[in-house]
2 protein chains.
Amino acid sequence: MAADKKGGVWEKPLTPVMEDYLEAIYELHSDEDIKAIRVRDIAKKLDVKMPTVTSMLKVLNDRDLVNYEKYEYLELTDKGKGIGREMKKRHHIIRKFLTSVLNIDMKTADEEACKMEHALGSSTMESLTAFMEFIQVCPRAGDDWVAHFQAYQQHGRRPEACKEKFEHFKCETAGESAISGKCCMEEKMNLSQMKEGQKGRIISVGGEIRLRRRIIEMGLSRGVYFRVEKYAPLKDPLELNVNGNHVSLRVKEAAGIIVEPGDGKGVSNE
Amino acid sequence: MAADKKGGVWEKPLTPVMEDYLEAIYELHSDEDIKAIRVRDIAKKLDVKMPTVTSMLKVLNDRDLVNYEKYEYLELTDKGKGIGREMKKRHHIIRKFLTSVLNIDMKTADEEACKMEHALGSSTMESLTAFMEFIQVCPRAGDDWVAHFQAYQQHGRRPEACKEKFEHFKCETAGESAISGKCCMEEKMNLSQMKEGQKGRIISVGGEIRLRRRIIEMGLSRGVYFRVEKYAPLKDPLELNVNGNHVSLRVKEAAGIIVEPGDGKGVSNE
DNA sequence: TATCAAAGTTAGAAACATCTAACAAAAAGG
DNA sequence: CCTTTTTGTTAGATGTTTCTAACTTTGATA
């Protein structure tokens with residue numbers, strides 16, 4: 001439990017859930033359609049049942065974050081208001097980053113911002129804010145640059161001006177640049193090391209140029225996901241499923257293909 | 001609870017904590033110093049007590065994510081390994097973004113990556129990966145650009161090439177660009193609207209040029225944090241605390257100063 | 001103004017992740 | 001091989017957030 005003092009008195013840190021309630025109530029405060037904030041509204045906004053709200057309000061009241069007495073009107077204290085405002089601000093900045101830089105759709109961005117706003121410290125938030133300001137205030141590095149990124153993201157195309165320096169960017173994370181030198185963040189292995197049934201993603205295709213072209217013509221190029229359908233090590237051929245298509249490969253050919261295991265999913269929170 | 005099927009059978013999504021355990025165990029697998037994974041090691045890595053690990057291992061065993069029998073050796077199943085690998089990859093990419101783009105120190109970045117890795121969906125992760133690749137693969141837009149950002153962050157200085165376009169960047173978030181036009185993500189108000197004891201940050205200083213210069217000479221420029229020490233509305237003067245210094249302002253002067261309430265902190269998770 | 005639906009509350013239970021205290025097995029060291 | 005230390009387990013409790021079911025208050029309306 002993180003230590004935190006205020007006015008000399010020990011204070012437990014707020015939980016993420018408490019922050020969510022404060023943010024929700026803060027937003028209801030500024031909702032024109034709503035004059036008095038009701039338990040009902042909070043429950044709806046957070047998608048929980050009313051008794052859950054009631055019990056949380058007691059907790060928040062004890063911690064001097066809302067003024068709450070049963071059956072009475074409800075409002076945030078100054079302290080609660082400050083936190084609610086901060087959460088709302090974080091939410092906005094993070095969502096903006098997700099939508100306008102990473103190109104995520106608004107609905108997903110909103111959901112993920114909801115979780116991220118509890119994960120970042122205030123100095124990270126300051127940096128992210130500066131980042132977003134910079135992108136807006138400096139279109140040369142900003143808009144243009146974001147557009148370049150998005151082209152890269154969609155077609156793998158880099159702006160002409162960058163190509164000259166392509167080969168010699170350096171890898172900072174020691175010990176990981178071994179195989180392909182293309183990127184420092186994947187965990188790479190050889191296609192011929194994968195087991196039957198495993199999924200993966202192509203990182204690079206090596207070997208002699210004509211062979212490489214043939215492999216790429218089969219649809220096996222950087223970024224493509226596949227599944228190993230059949231493979232008894234050292235026993236040809238190896239069979240892949242690429243976007244529903246069946247592809248056969250000699251083991252010797254597979255040895256030149258660097259892949260990253262995993263399908264990028266397989267995680268619960270979605 | 002998010003719906004999720006696999007092989008036709010209903011499957012509860014993993015909790016973030018379960019993902020943390022899988023990631024920790026996955027990392028122990030690849031630790032050279034450790035031949036057999038012990039409850040002890042996991043407990044140490046996650047900073048929990050051993051009984052906590054034991055009970056989690058039972059859960060993970062029931063869900064077919066580890067092979068565990070009491071007092072016996074322990075290992076991840078293929079399913080568990082896939083998730084552990086994915087979490088580790090996410091952790092790396094996020095941490096790299098935090099350290100090399102946002103300029104956060106490694107320790108903080110590591111802690112925050114730990115939380116963020118549960119907040120992002122796989123398509124967001126793909127975008128972020130592409131983002132980091134782009135920065136590395138395309139130094140013109142990447143290194144140079146990151147360097148420009150970091151200068152902006154530290155000294156508020158933009159590269160010469162950007163200045164021409166300064167005034168007309170547009171704000172996408174409707175209804176928020178009202179007051180200063182400087183940024184779309186703060187909740188702005190007038191300094192004279194703030195109450196005694198509140199904290200805030202200067203967004204812009206308006207008014208006649210000589211007055212403005214005088215105010216800025218007192219240390220009240222964009223980005224500076226302050227606290228309202230004394231202020232009875234409409235009753236001069238208003239007193240601020242700026243980095244420990246006392247500053248007095250006439251209410252008329254304060255009316256031209258746009259601020260954002262809050263000190264950027266006031267949130268628990270740090 | 002008496003009645004009834006909507007809004008809110010209490011009480012009690014459950015899931016999750018954690019802990020401490022006490023006990024049990026395995027490993028190490030003579 | 002017996003003793004001690006280290007490692008691991010069980011049992012039981014706590015705190016947080018949620019739920020359902022049953023009850024109470026408020027306030028709209030007939």
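These values consider heavy atoms only, across backbone and side chains, with no hydrogens, waters or symmetry-generated copies. Naming convention: chains lettered A, B, ... in sequence-line order (proteins, then strands); numbering from 1 in each chain.
Distance Arg40(B) CZ to dT6(D) C1': 8 Å, rounded to the nearest Å. Here dT24(D) presents its P atom at 11 Å from NZ of Lys70(A), a figure rounded to the nearest Å. Between the P atom of dC23(D) and the OH atom of Tyr71(A) lies a distance of 14 Å, rounded to the nearest Å. Following rounding to the nearest Å, Lys12(B) (NZ) and dA17(C) (C1') show an atom-to-atom distance of 13 Å. Rounding to whole angstrom units, NZ of residue Lys49(A) and C1' of dA13(C) are separated by 16 Å. For the pair Met50(A) CE and dA21(D) P, the computed distance is 15 Å after rounding to whole Å. In this entry the distance linking OH of Tyr68(A) with C1' of dT10(C) reads 11 Å, nearest Å. Counting to the nearest Å, the P atom of dA17(C) and the CG atom of Leu46(B) are 12 Å from each other.
Residues Tyr73(A) and Ser55(A) each lie close to DNA chain D; by heavy-atom proximity, the contact nearer the 5' end of the strand is made by Ser55(A). Between Val39(B) and Val59(A), the residue whose closest nucleotide on DNA chain D is further toward the 5' end is Val39(B).
Using a distance-only test at 3.5 Å, with no hydrogens or angles considered, a donor-acceptor pair links the side chain of Ser100(A) to the main chain of Lys96(A). Counting only distance, with no hydrogens or angles, the side chain of Glu112(B) and the backbone of Leu120(A) share no donor-acceptor pair below 3.5 Å.
Annotation: the span from Glu75(B) atom CD to Ile37(B) atom CD1 amounts to 8.0 Å, rounded to 0.5 Å.
OP1 or OP2 of dT9(C) has at least one side-chain nitrogen or oxygen of Thr54(A) nearer than 4.0 Å. Remark: Thr15(A) is in phosphate contact with dT17(D), judged by side-chain N or O atoms under 4.0 Å from OP1 or OP2. Between Lys58(B) and the phosphate of dT9(D), there is no side-chain N or O to OP1/OP2 separation shorter than 4.0 Å. Contact annotation: Tyr21(B) reaches the phosphate of dT18(C) (side-chain N/O to OP1 or OP2, under 4.0 Å). One finds a side-chain N or O of Thr52(A) lying less than 4.0 angstrom from the OP1 or OP2 phosphate oxygen of dC19(D).
Side-chain proximity of Pro51(B) to the nucleotides dT9(D), dT18(C), dG8(C) is greatest for dT9(D). Across dT17(D), dT10(D), dA17(C), the shortest atom-to-atom separation from the side chain of Met18(A) is found for dT17(D).
In this structure, Tyr26(B) has its ring center no closer than 6.0 Å to that of Tyr21(B).
Counting heavy atoms from C-beta on, the side chains of Ile202(A) and Tyr225(A) never come closer than 4.5 Å.
As judged by a 4.0 angstrom heavy-atom cut-off over every strand, Lys44(A) is placed among residues making no nucleic acid contact.
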